[in-house]
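The block underneath contains the structure these notes are about, expressed in C-alpha cells.
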Amino acid sequence: MPWFRLVAALTLRALVNPAVAVDLLRVGWRYRRRNWWARAPFLPVPDRTYLRWRLYTAYGSEDAIPPVADVVRYARWARHHP
C-alpha cells in the first residue's frame with residue numbers, strides 16, 4: 001500500500017505541474033529494466049534488485065519508501081544532469 005500512495009501522490013503532483021510530469025516520465029524511462037519488452041510483465045519498470053540497491057544506498061533500507069519530495073527533487077535534478 002505505501003508504494004501505491006507514493007505513485008498516487010506523484011500522479012497528483014504531475015497533474016498539477018506538467019513540467020514535473022515530464023521530469024518524472026524521463027526518470028521512469030531512465031530506470032527501466034533492460035530488455036523489458038522480452039519478459040513479463042512487458043512494462044518498462046525498474047529491475048527489482050537494482051531498485052532495492054538504490055533504496056539501500058539512499059535510505060539505509062531496501063524496503064524504504066522514498067518521500068514524494070525526494071522523488072520530485074531528483075527528477076528535477078536529473079533534467080539538468082543527463
Side-chain angles (χ1 to χ4, degrees):
M1 190 63 149
W3 280 103
F4 178 75
R5 279 191 282 186
L6 175 65
V7 171
L10 290 172
T11 301
L12 181 61
R13 191 73 70 94
L15 290 172
V16 171
N17 188 344
V20 170
V22 171
D23 294 341
L24 290 171
L25 287 172
R26 285 182 180 156
V27 166
W29 190 250
R30 181 183 283 190
Y31 274 73
R32 73 193 181 280
R33 180 180 64 207
R34 289 184 184 196
N35 299 326
W36 60 268
W37 61 87
R39 293 185 301 194
F42 308 111
L43 297 171
V45 295
D47 179 62
R48 182 168 292 197
T49 304
Y50 177 70
L51 185 59
R52 291 175 66 86
W53 175 79
R54 291 291 302 221
L55 291 171
Y56 179 76
T57 58
Y59 299 102
S61 172
E62 294 177 344
D63 300 319
I65 307 294
V68 173
D70 284 0
V71 177
V72 171
R73 187 178 314 119
Y74 174 74
R76 288 181 177 165
W77 176 86
R79 177 187 340 154
H80 302 291
H81 299 87

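Values below: every heavy atom of this structure, side chains too, minus hydrogens, waters and symmetry copies.
Leu10 and Leu15 fall into different hydrophobic clusters, where Ile, Leu, Val, Met, Phe, Trp and Tyr side chains are chained together by heavy-atom contacts under 4.5 Å. Ile65 and Val72 end up in the same hydrophobic cluster when Ile, Leu, Val, Met, Phe, Trp and Tyr side chains are linked at under 4.5 Å. When the side chains of ILVMFWY residues are joined at heavy-atom separations under 4.5 Å, either directly or via intervening members, Val68 and Leu24 end up in a single hydrophobic cluster. Put simply, Val27 and Leu55 are part of two different groups of oily side chains (I, L, V, M, F, W, Y) that touch within less than 4.5 Å, one to the next.
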Show me the donor-acceptor pairs, under 3.5 Å and distance only, between side chains in residues 29-46 and residues at least two apart or in other chains.
| residue | atom | partner | partner atom | Å |
| --- | --- | --- | --- | --- |
| Tyr31 | OH | Arg54 | NH2 | 3.0 |
| Arg32 | NH1 | Trp29 | O | 2.5 |
| Arg33 | NH2 | Arg39 | O | 3.4 |

Which atom pairs, one a donor and one an acceptor, fall under 3.5 Å between side chains of residues 75-82 and the rest of the protein, sequence neighbours left out?
| residue | atom | partner | partner atom | Å |
| --- | --- | --- | --- | --- |
| Trp77 | NE1 | His81 | ND1 | 3.2 |
| Arg79 | NE | Asp23 | OD1 | 3.0 |
| Arg79 | NE | Asp23 | OD2 | 3.1 |
| Arg79 | NH2 | Asp23 | OD2 | 2.6 |
| His81 | ND1 | Trp77 | O | 3.0 |

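If you take CZ on Phe4 and OG1 on Thr11, they are separated by 8.5 Å, rounding to the nearest 0.5 Å.
Counting all heavy atoms, side chain and backbone alike, Trp3 lies closest to Ala64 at CZ2-O, 3.8 Å.
Few gaps surround OH on Tyr50; more than 12 heavy atoms of other groups in view lie less than 6.0 Å from it.
For residues 60-72, every residue pair satisfying the side chain to side chain donor-acceptor pair (under 3.5 Å) rule, not counting sequence neighbours, is listed here: Arg52-Glu62, Arg52-Asp63, Tyr59-Asp70, Asp70-Arg73.
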